[in-house]
Amino acid sequence: MSSLDPEDAKLVTLARSARGRTGAPEGAAVRDTDGRTYLAATVSLPSLQLSALQAAVAAAVSSGVEGLEAAAVVSAADGVEEAGLAAVHDLAPSAPVHLAGPDGALRSTV
């Protein structure tokens, strides 16, 4: 994670913790424009399916957030899923979304 600034590296750490705590396929964290963070893991219920990034954005929005600075997803997937990316960009079209592997190593930034 050496190419991330400390605040974005913290997002990756939080996303890893959300994933590890629940055993979910993905964990995500977002930072709002006031510096507060929101984290979530994949939600997979018979009646509700959310990616970790969608769930983290939903947590932020339900707390009254109107803008995001950055987001991070920890996953074994090759890319950030489109619906979660769209949710971040609904609030902040230019916010970076970092994808890290399960080991926390940065793989890409969208």
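All values derive from a computational prediction rather than experimental measurement.
Here the shortest heavy-atom pairing between L99 and A77 reads CD2-O, 3.9 Å. L68 and T33 make their closest contact through N-CG2, 4.0 Å (heavy atoms, listed as atom of the first residue, atom of the second, distance). Of all heavy-atom pairs between S62 and A59, the closest is OG-O, 3.0 Å.
By the salt bridge (charged side-chain N to carboxylate O under 4.0 Å, His left out) test, D103 pairs with no residue at all, sequence neighbours left out. Qualifying side chain to side chain contact (heavy atoms under 4.5 Å, CB included) partners for P96, counting only residues two or more places apart in sequence or in other chains: A70, H98, T109. A search for salt bridge (charged side-chain N to carboxylate O under 4.0 Å, His left out) contacts involving R19 returns nothing, not counting sequence neighbours. Checked against salt bridge (charged side-chain N to carboxylate O under 4.0 Å, His left out), R36 has the following partners two or more places apart in sequence or in another chain: D32, D34.
Residues Y38 and L14 have side chains not in contact (no heavy-atom distance under 4.5 Å, counting atoms from C-beta outward).
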Check residues 50-58 and write down every donor-acceptor pair under 3.5 Å in which the side-chain atom is one partner and the other belongs to a residue at least two apart or another chain.
residue	atom	partner	partner atom	Å
S51	OG	Q54	N	3.0
S51	OG	Q54	OE1	3.4
S51	OG	E81	OE2	2.6
Q54	OE1	S51	N	2.8

Less than 3.5 Å apart, which donor and acceptor atoms pair up between the side chains of residues 41-49 and the rest of the protein, not counting sequence neighbours?
residue	atom	partner	partner atom	Å
T42	OG1	E26	N	3.2
T42	OG1	E26	O	3.4
S44	OG	Q49	OE1	3.4
Q49	NE2	L45	O	2.6

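In this structure, L106 CG and S3 OG are separated by 4.5 Å, a value rounded to the nearest 0.5 Å. Note that the CG atom of L39 and the CZ atom of R31 stand 13.5 Å from one another [nearest 0.5 Å]. Going from atom CG of L11 over to atom CD of E69 covers 9.0 Å, rounded to the nearest 0.5 Å.
V73 and V61 fall within a single hydrophobic cluster, where Ile, Leu, Val, Met, Phe, Trp and Tyr are joined by side-chain heavy atoms under 4.5 Å apart, directly or via other members. A continuous path of Ile, Leu, Val, Met, Phe, Trp and Tyr side chains, each step under 4.5 Å between heavy atoms, connects V110 with V30, placing both in one hydrophobic cluster. If you chain together hydrophobic residues whose side chains sit under 4.5 Å apart, L85 and L91 fall into the same group.
Side-chain atoms of S63 never come within 3.5 Å of backbone atoms of V65 as a donor-acceptor pair (strictly under, hydrogens ignored).
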